[in-house]
Asks: 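This structure is in structure tokens; I'll ask about it shortly.
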Protein chains: 2
Amino acid sequence: MPKIGMEPLRRRALIDAAILAIGERGSLDVTMSEIAGRAGVSPALAHHYFGGKEDLLAATMRHLLAELGRDTVAALRRADGARARISAIVATNFSPSQFRSETIAAWLAFYVEAQRSDAMRRLLRVYARRLHSNLASALVELMPRLEALRAAEAIAAMIDGLYIRRALKQGEPDARSAIALVEDYLAIKIARETPSA
Amino acid sequence: MPKIGMEPLRRRALIDAAILAIGERGSLDVTMSEIAGRAGVSPALAHHYFGGKEDLLAATMRHLLAELGRDTVAALRRADGARARISAIVATNFSPSQFRSETIAAWLAFYVEAQRSDAMRRLLRVYARRLHSNLASALVELMPRLEALRAAEAIAAMIDGLYIRRALKQGEPDARSAIALVEDYLAIKIARETPSA
DNA sequence: GTTTTTATTGACTGAGCAGTCAATCAAGCG
DNA sequence: CGCTTGATTGACTGCTCAGTCAATAAAAAC
């Protein structure tokens, strides 16, 4: 029973199903049938709307990226001052909507895929650059430029590292302690580098 | 022309070939034929010696783990004092024998695999625990126990994060700046937490 | 009410790949 | 010199899966 304007609905459902499937399998080694099945459609329809598996996966990655971007922008708008902006960025990366097993697994899987696929690598670089520049733009208000850039890299590395390490544990992710670790670094780094004041 | 006592040679050659292949493809999605071909033998022989693909991959991971373990022990023996031991651990993780594109890609791929395979997860947990306990045992000599444990997790996360972020870049890995980031954290953390002295 | 467009699928194909097996070849061994 | 044992492979078997296509059916357009 065909209905009208199904394209956006189906695309969305397929992307959601892909995240779910990838999160459960823990890798991009999911079949189109699996994804389509979860979305309640036939595999053929998934091909119809996305062209191929690569395209579906790329769209899924883009979706994840966009979601994180939106969350970050929203959190940034709510933050008052440089210091608060950094905390907002960190908190967003470990917020319940981002720091879930499925999402973590998907990010990890996409990192691996980025080694093979130029498209994926480009996408992930967008994420890395955005994170770095958001952090750096706040940090330069708190310490000398050079130290700010270093701190931005250190924080970014810690965040990614906490994600990857999370993959080894089972049960629900512990965002609180992850945030605490990053905030601890932030606190001592700012204390150390703040020019007198 | 069969020769005698080939088993250890073949196993080693196949593992080396597996690391190479995984490093190049950037994922565990390598065929037995590919690996066997690189090792100069038929796919059937790879099955003969390892039983199945999973077993070959597990053996490969174990090899990587053992190599890192040996390097770490050696570096630790050369280090004098708690502070030097930490630097030795960090330096080992970013040493040329570990911080190479193939090895990095392989580690990343195994992390992903760990989400699916209990065997892999157990293996990786061995690595994580060892790293953490090596770091912690040196850090407790430099700061209060609780802070030492936190610092150990932070450093471990930074190391893993620098590995994963490395995967996005091209060209040879830059170990120096990676080490500098971790050492910077270490320095300010020690300065901050050292009881007076 | 006929034609076009959109939605949807079942059935199929072709490729790639893990794993098997029987056969071959060369050493050592009695 | 037969015999066992280890090394090695080619050829083969299923299986899984991405991608295709023609067919169907409902809505839209005219």
Side-chain angles (χ1 to χ4, degrees), chain A residues 1-61 106 109-110 112-113 116-120, chain B residues 1-22 24-61 109-110 112-113 116-120:
Chain A
M1 56 200 78
K3 298 170 198 152
I4 47 162
M6 296 263 63
E7 177 149 0
L9 292 180
R10 294 306 191 202
R11 289 182 74 98
R12 180 58 197 268
L14 283 163
I15 286 174
D16 286 346
I19 294 173
L20 243 290
I22 293 167
E24 248 174 57
R25 275 268 197 297
S27 95
L28 296 194
D29 245 326
V30 283
T31 68
M32 287 298 259
S33 299
E34 164 84 20
I35 296 171
R38 274 168 193 267
V41 298
S42 74
L45 197 66
H47 276 100
H48 175 65
Y49 281 128
F50 282 96
K53 194 183 178 180
E54 290 247 338
D55 307 87
L56 206 197
L57 294 182
T60 303
M61 177 82 263
F110 281 118
V112 169
E113 189 64 12
R116 202 184 325 182
S117 152
D118 283 341
M120 289 291 178
Chain B
M1 55 196 82
K3 299 171 197 148
I4 48 163
M6 297 267 52
E7 178 149 1
L9 292 180
R10 294 306 190 201
R11 289 183 74 99
R12 179 58 198 268
L14 283 163
I15 287 174
D16 286 346
I19 295 173
L20 243 289
I22 293 167
E24 247 175 59
R25 275 267 197 296
S27 95
L28 296 194
D29 245 326
V30 284
T31 68
M32 287 299 259
S33 299
E34 163 84 18
I35 296 171
R38 273 170 195 268
V41 299
S42 73
L45 197 66
H47 277 99
H48 175 64
Y49 282 127
F50 283 97
K53 194 182 178 180
E54 291 247 338
D55 307 87
L56 206 197
L57 294 182
T60 303
M61 177 81 264
F110 282 118
V112 169
E113 187 65 12
R116 203 185 324 185
S117 152
D118 283 341
M120 288 292 177

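Within every chain, numbering begins at 1; the chains are lettered A, B, ... in the order of the sequence lines, protein sequences first and strands thereafter.
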Asks: What is the distance, rounded to the nearest whole Å, between atom CD1 of B:Ile35 and atom P of C:dG19?
Replies: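 Nearest whole value for this atom pair: 11 Å.
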Asks: Is there a side-chain contact between A:Ile35 and A:Val30 (heavy atoms, below 4.5 Å)?
Replies: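 Of all side-chain heavy-atom pairs linking A:Val30 with A:Ile35, at least one is under 4.5 Å.
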Asks: Please say which of A:Leu20, A:Ile19, A:Asp16 ends up in a side-chain contact (heavy atoms from CB on, under 4.5 Å) with A:Arg38.
Replies: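 Output: one option passes, namely A:Leu20.
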Asks: Any chance you could lay out the side chain to side chain contact (heavy atoms under 4.5 Å, CB included) test for A:Leu57 and A:Glu113, step after step, and finish with the verdict?
Replies: CA-CA 10 Å; A:Leu57 294 182; A:Glu113 189 64 12; 5.7 Å; no
Asks: Nearest 0.5 Å please: distance from the OG atom of B:Ser27 over to the CG atom of A:Asp29.
Replies: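 Between atom OG of B:Ser27 and atom CG of A:Asp29 there are 8.0 Å.
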Asks: Measure NE2/A:His48 against C1'/C:dG10 and give the value in whole Å, please.
Replies: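 My rounded result for the distance is 16 Å.
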Asks: Quick one: is A:Arg10 getting a side-chain N or O under 4.0 Å of the C:dT8 phosphate, OP1 or OP2?
Replies: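 Yes.
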Asks: For nucleotides 11-18 of chain C, just jot down a letter per nucleotide in 5' to 3' order: B, S or -, based on protein non-hydrogen atoms under 4.0 Å.
Replies: ------SS
Asks: Rounded to the nearest Å, what distance is computed from the CG atom of residue A:Asp29 to the P atom of nucleotide D:dC15?
Replies: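 So the CG-P distance, A:Asp29 to D:dC15, works out to 20 Å.
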Asks: Checking all strands, does A:Phe50 fall into the base, sugar-phosphate, or nothing category for heavy-atom contacts under 4.0 angstrom?
Replies: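 The answer is nothing, as A:Phe50 stays clear of every strand by at least 4.0 Å.
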Asks: For D:dG6 and B:Tyr49 - does any side-chain N or O of the residue sit under 4.0 Å from the phosphate oxygens OP1/OP2?
Replies: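 B:Tyr49 to D:dG6 OP1/OP2: no side-chain N or O under 4.0 Å.
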Asks: Take the protein atom CE of B:Met6 and the nucleotide atom C1' of D:dG6, then report the distance between them rounded to whole Å.
Replies: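 Rounded to whole Å, this separation is 11 Å.
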Asks: Can you sort out the partners of A:Arg11 under salt bridge (charged side-chain N to carboxylate O under 4.0 Å, His left out), two or more places apart, ordered by chain and number?
Replies: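 Checked A:Arg11 against salt bridge (charged side-chain N to carboxylate O under 4.0 Å, His left out); matches are A:Glu7.
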Asks: Checking A:Asp55 side chain against A:Gly52 main chain: does a donor-acceptor pair fall under 3.5 Å?
Replies: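 Yes; judged by distance alone, with no hydrogens or angles, the pair exists.
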Asks: Quickly work out the B:Leu56 CG to C:dG19 C1' distance and round it to whole Å.
Replies: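 The answer, rounded to whole Å, is 13 Å.
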Asks: In whole angstrom, give the distance that lies between atom CG of B:Leu45 and atom P of D:dT9.
Replies: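 Spelled out: CG on B:Leu45 to P on D:dT9 is 6 Å.
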